[in-house]
Chemist: 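Please read through the structure below; I'll follow up with questions.
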Amino acid sequence: MAKSTTKKNKCSRNRRSSRKKSHPCADFNRNYSLYIRRVLKEVDPQKSISSDTLDIMNSVINDIFERISTQAYNLMCFRNRCTLTHEDIQKAMYMLFPGKRAKYAVTFGSEAVQRYAHSKNNSPA
């Protein structure tokens with residue numbers, strides 16, 4: 001039998017993590033219902049959303065997040081890097097979403113990060 005000659009990622013060293021995991025990563029789903037309600041009230045203050053619809057929207061957001069993070073991780077490993085960068089996430093967006101949707105998502109995401117960084121720098125501590 002021939003040995004497989006797969007190249008291992010340089011990040012896959014056996015390092016001990018100092019952080020303790022409080023939950024299994026596969027079971028973690030974040031709840032975005034508060035944010036969905038806030039955005040809805042911002043768009044149209046008189047509209048409301050049912051709990052079933054809110055659950056569906058929450059699972060859609062979790063699914064999209066999982067797809068983007070998986071694709072970005074694959075790009076990171078493909079480039080033989082140990083750190084996930086914003087370029088990996090942007091390229092994952094362009095790979096997962098068609099044309100203008102990806103462009104708008106990357107643009108609005110970059111603006112949101114810039115506004116957050118600007119507010120952190122200007123906030124009194």
Side-chain angles (χ1 to χ4, degrees):
M1 285 184 110
K3 291 184 180 179
S4 64
T5 58
T6 58
K7 186 176 180 182
K8 287 190 175 182
N9 191 0
K10 62 183 178 182
C11 299
S12 63
R13 296 180 190 135
N14 291 330
R15 293 183 185 169
R16 292 187 181 181
S17 177
S18 61
R19 295 183 185 181
K20 291 183 180 179
K21 291 187 178 181
S22 61
H23 52 80
C25 294
D27 295 338
F28 182 72
N29 282 327
R30 188 159 180 190
N31 191 358
Y32 296 99
S33 58
L34 175 69
Y35 308 109
I36 294 169
R37 287 186 195 273
R38 283 184 187 173
V39 169
L40 180 63
K41 290 299 176 189
E42 206 172 288
V43 172
D44 193 353
Q46 290 140 358
K47 297 283 183 182
S48 62
I49 188 168
S50 69
S51 61
D52 291 339
T53 309
L54 203 58
D55 289 341
I56 292 169
M57 288 297 297
N58 195 41
S59 50
V60 166
I61 292 171
N62 280 320
D63 181 52
I64 290 172
F65 177 77
E66 186 178 332
R67 288 182 189 191
I68 293 169
S69 59
T70 302
Q71 188 68 34
Y73 173 77
N74 290 338
L75 287 169
M76 180 189 75
C77 290
F78 179 75
R79 293 172 55 195
N80 290 329
R81 303 287 171 112
C82 294
T83 307
L84 184 66
T85 62
H86 67 279
E87 287 98 359
D88 296 326
I89 296 170
Q90 288 177 357
K91 287 178 184 178
M93 292 295 296
Y94 284 117
M95 291 174 78
L96 290 173
F97 293 104
K100 283 189 175 183
R101 287 187 187 169
K103 180 182 173 186
Y104 285 128
V106 168
T107 302
F108 287 129
S110 298
E111 284 179 17
V113 169
Q114 287 174 355
R115 276 187 276 138
Y116 176 76
H118 183 72
S119 71
K120 279 292 193 183
N121 290 339
N122 291 339
S123 66

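Keep in mind that this is a model prediction, so the values were computed, not measured.
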Chemist: I need the minimum non-hydrogen distance between T70 and E66, along with the two atoms involved.
Modeler: OG1-O, 2.7 Å
Chemist: Just how far is it from atom OG of S69 to atom CD1 of I64, taken to the nearest 0.5 Å?
Modeler: 11.5 Å
Chemist: Could you give the distance from CD1 (I36) to CG (D55), rounded to the nearest 0.5 Å?
Modeler: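 Rounded to the nearest 0.5 Å, the CD1-CG separation comes to 9.0 Å.
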Chemist: Tell me, please, which residues at least two apart from R37 pass salt bridge (Lys or Arg N to Asp or Glu O under 4.0 Å).
Modeler: none
Chemist: If the condition is side chain to side chain contact (heavy atoms under 4.5 Å, CB included), which residues does N121 pass it with, not counting sequence neighbours?
Modeler: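 Once residues adjacent in sequence are excluded, N121 has no partner under the side chain to side chain contact (heavy atoms under 4.5 Å, CB included) criterion.
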Chemist: Is a side-chain donor or acceptor of N62 paired with a backbone partner of N58 at a separation under 3.5 angstrom?
Modeler: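 A pair under 3.5 Å: yes.
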Chemist: Salt bridge check, R81 against D88: does any charged N sit closer than 4.0 Å to a carboxylate O?
Modeler: no
Chemist: Test of understanding: clusters of I, L, V, M, F, W, Y form through side-chain heavy atoms closer than 4.5 Å, transitively. Do V60 and I68 belong to the same one?
Modeler: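 Same cluster: V60 reaches I68 through Ile, Leu, Val, Met, Phe, Trp or Tyr contacts under 4.5 Å.
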Chemist: Quick check: are there more than 12 heavy atoms from other residues, nucleotides or ligands sitting under 6.0 Å from CZ of R79?
Modeler: yes
Chemist: For residues Y35 and I56: do they belong to one hydrophobic cluster (side chain heavy atoms under 4.5 Å, members Ile, Leu, Val, Met, Phe, Trp, Tyr)?
Modeler: no
Chemist: Any chance you could measure L75, atom CG, to T85, atom OG1, to the nearest 0.5 Å?
Modeler: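 Output value for this atom pair is 9.0 Å.
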Chemist: Within the side chain of K41, is there an N or O that forms a donor-acceptor pair under 3.5 Å with the backbone of S48?
Modeler: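 Between the backbone of S48 and the side chain of K41 there is no qualifying donor-acceptor contact (under 3.5 Å).
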Chemist: Verify the distance criterion only: is there a donor paired with an acceptor across the side chains of D52 and S50 at less than 3.5 Å?
Modeler: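 No, because no side-chain N or O of D52 sits under 3.5 Å from a partner of the opposite role on S50.
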Chemist: Tabulate below the donor-acceptor pairs under 3.5 Å that side-chain atoms of residues 90-117 make, not counting sequence neighbours, or state none.
Modeler:
residue: T107; atom: OG1; partner: K103; partner atom: O; Å: 2.8
residue: S110; atom: OG; partner: V106; partner atom: O; Å: 2.9

